[in-house]
Amino acid sequence: MKVVNARLRRRTGLYSITLQDERIQSITAQPQLCVAQEGNLDAAGGLVIPPLVEPHIHLDAVLTAGEPEWNMSGTLFEGIERWGQRKATITHEDTKRRALTAIGLLRDHGIQHVRTHVDVTDPSLAALQAMLEVREEARNLVDLQIVAFPQEGIESFPDGRALMARAVEMGADVVGGIPHFENTREQGVSSIKFLMELAQRSGCLVDVHCDETDDPQSRFLEVLAEEARVRDMGTRVTASHTVAMGSYDNAYCSKLFRLLKRSGINFVSCPTESIHLQGRFDTWPKRRGVTRVAELDHAGMNVCFGQDSIKDPWYPLGNGNILRVLEAGLHICHMMGYEDLQRSLDFVTDNSARTLSLGDNYGLEPGRPANLVILDAEDDYEVVRRQAKARASVRLGRVIMQRHPERLEYPQ
């Protein structure tokens with residue numbers, strides 16, 4: 001199969017992409033528009049990119065908002081309380097049904113690589129077992145990384161360490177944590193040391209919910225970064241949220257950024273979720289509740305955007321469209337300069353792929369997997385400005401989604 005009349009990021013002109021045996025065989029320049037042969041895909045001058053990436057979502061909690069109660073305060077901590085209520089009623093089939101429904105939404109928006117956090121503060125680990133099955137059943141649609149996420153803490157939850165170890169033994173890909181939710185500062189530090197040791201021993205990646213609070217004294221990021229630095233694990237470690245950084249003073253951040261750069265860790269910001277949950281204890285002025293995305297990016301560190309939620313106790317909206325989150329993030333993080341807009345897709349493609357350690361399994365290069373998405377716009381700027389839709393999604397050389405243009409009528 002060929003994709004013809006394609007535009008590529010950071011290149012001028014039109015291109016044809018030949019796919020064979022589930023791989024990209026070649027990418028060749030086209031002198032002009034051509035007619036697509038039967039069996040080929042016509043990009044019609046649209047932008048062809050590697051698949052969009054969702055680096056941070058909670059598929060075990062999707063589509064549960066209001067069950068049994070809504071989060072009326074809009075705070076992170078009431079969200080955890082409401083999730084505790086819903087968690088008590090979860091069944092195996094319930095988790096799988098909701099997760100697979102959400103994966104269908106992600107597919108429809110051109111996402112093929114997903115990292116999901118799964119709550120393992122449950123002695124039965126039922127949600128994890130369900131998600132392991134979802135990972136296999138949905139592999140024709142997405143590559144799914146599973147994070148063993150201790151929603152209620154490692155040190156502060158009964159048998160928290162044993163549950164984390166069991167989760168890794170069962171097949172979790174990534175070790176998670178939530179140090180700012182532990183009962184004490186000392187337990188938070190201890191939880192980081194434990195999870196880093198577990199990841200190093202098991203060969204897993206690391207993704208920690210880190211300093212997801214407006215408290216400027218919540219400083220577990222420096223602990224995580226130093227552990228990553230001394231263990232030489234930085235590229236395999238991700239700090240998610242880090243919203244307390246939005247409340248740190250500049251003197252402390254100046255010192256912190258030096259450590260962060262030396263550590264080499266990755267960052268995920270979930271801007272729509274953070275701006276909703278954070279700043280809830282402020283009157284005026286209200287803090288934005290988002291980490292320093294632009295500053296991290298401009299300092300040369302790897303940072304990307306994630307959705308976090310689709311209609312769950314923490315966030316009542318969401319539809320699987322990460323370009324919506326990208327647009328919101330650019331607004332919220334003061335990244336609306338033309339240069340930022342011209343490379344904006346980095347935050348939901350290449351940067352996210354680095355965070356997930358996808359390596360040579362990602363990208364439009366000959367020999368790599370034949371995974372790609374056709375967008376209904378010609379460059380990054382127009383994709384964001386017009387909120388372009390995914391026109392088609394191809395996975396291992398097979399079309400898994402094709403969207404036909406809507407038709408507008410204007411009666412006289």
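All residue numbers in this chain count up from 1 along the given sequence.
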>> If only side-chain N and O atoms count, and only distance matters, is there a donor-acceptor pair under 3.5 Å linking Asp207 with Ser240?
In response: yes
> Is any NZ, NE, NH1 or NH2 atom of the basic residue among Glu382 and Arg385 found under 4.0 Å from an Asp or Glu carboxylate oxygen of the other?
Replying inline: yes
>> Check this for me: does any side-chain nitrogen of one of Arg368 and Glu365 sit under 4.0 Å from a carboxylate oxygen of the other?
In response: no
> Side-chain donor-acceptor pair under 3.5 Å between Ser73 and Glu78, yes or no?
Replying inline: yes
> Do Asn5 and Gln30 have a side chain donor and acceptor closer than 3.5 Å?
Replying inline: yes
>> Evaluate Asn40 against Met1 for side chain to side chain contact (heavy atoms under 4.5 Å, CB included), listing each step before the verdict.
In response: CA-CA 5 Å; Asn40 292 339; Met1 181 173 74; 4.3 Å; yes
> Is atom NE2 of His92 surrounded by more than 12 heavy atoms (other residues, nucleotides or ligands) closer than 6.0 Å?
Replying inline: yes
>> Tell me whether Arg395 is salt-bridged to Glu22, with the criterion being a basic N under 4.0 Å from an acidic carboxylate O.
In response: no
> Cut-off 3.5 Å, side chains only: do Asp215 and Thr213 have a donor facing an acceptor?
Replying inline: no
>> So, taking the atom named CG in Leu76 and the one named CH2 in Trp314, what distance separates them when rounded to the nearest 0.5 Å?
In response: 8.0 Å
> Only one of Leu356, Asp143, Asp350, Asn351 clears side-chain contact (heavy atoms from CB on, under 4.5 Å) with Val53; which?
Replying inline: Leu356
> Which heavy atom in Ser274 sits nearest to a heavy atom in Val243, and how many Å separate them?
Replying inline: OG-CG1, 3.4 Å
>> I need the Glu136 CD to Leu144 CG distance, nearest 0.5 Å.
In response: 9.5 Å
> If we ignore angles and hydrogens, is there a donor and acceptor under 3.5 Å between the side chains of Thr272 and Gln307?
Replying inline: no
>> Quick one, Asp379 and Arg7 - any side-chain contact, counting heavy atoms below 4.5 Å?
In response: no
> So with a 6.0 Å cut-off around NZ of Lys255, is the heavy-atom count from everything else above 12?
Replying inline: no
>> Could you walk me through whether Arg201 and Val175 satisfy the side chain to side chain contact (heavy atoms under 4.5 Å, CB included) test, starting with their C-alpha distance in whole Å, then the side-chain angles of each, then the deciding distance to 0.1 Å, before giving a yes or no?
In response: CA-CA 11 Å; Arg201 188 171 66 246; Val175 176; over 6 Å; no
> Quick check: does any side chain N or O of Ser254 sit under 3.5 Å from a backbone N or O of Asn250, one acting as donor and the other as acceptor?
Replying inline: no
> Salt bridge check: are Glu227 and Arg231 linked by an N-O gap of less than 4.0 Å?
Replying inline: yes
> Is it the case that more than 12 heavy atoms not belonging to Arg386 sit under 6.0 Å from its CZ atom?
Replying inline: yes
> If you draw a 6.0 Å radius around OH in Tyr381, do more than 12 non-hydrogen atoms from other residues or ligands fall strictly inside?
Replying inline: no
> What are the two closest non-hydrogen atoms of Leu100 and Ala138, and how far apart are they?
Replying inline: CD2-CB, 4.1 Å
> Do Asp211 and His180 meet the criterion of a side-chain donor-acceptor pair at a distance under 3.5 Å?
Replying inline: no
>> For the residue pair Arg219 and Tyr252, would you count it as a cation-pi contact if the rule is NZ or CZ under 6.0 angstrom from the ring centre and within 45 degrees of the ring axis?
In response: yes
> With a 3.5 Å cut-off and no angle check, do the side chains of Arg86 and Thr89 form a donor-acceptor pair?
Replying inline: yes
>> Return the OG to CG distance between Ser263 and Leu259, rounded to the nearest 0.5 Å.
In response: 5.5 Å
> Is a side-chain donor-acceptor pair under 3.5 Å present for Arg287 with Ser247?
Replying inline: yes
> Is the shortest side-chain N to carboxylate O distance from Arg343 to Asp380 below 4.0 Å?
Replying inline: no
> Do the side-chain N and O atoms of Trp83 and Asp119 include a donor-acceptor pair separated by under 3.5 angstrom?
Replying inline: yes
>> Suppose the criterion is ring-ring contact (aromatic ring centres under 6.0 Å, His included): which pairs have a residue in residues 129-152, not counting sequence neighbours?
In response: His58-Phe149, His117-Phe149, Phe149-His209
> Are Ser26 and Thr28 linked by a side-chain donor-acceptor pair shorter than 3.5 Å?
Replying inline: no
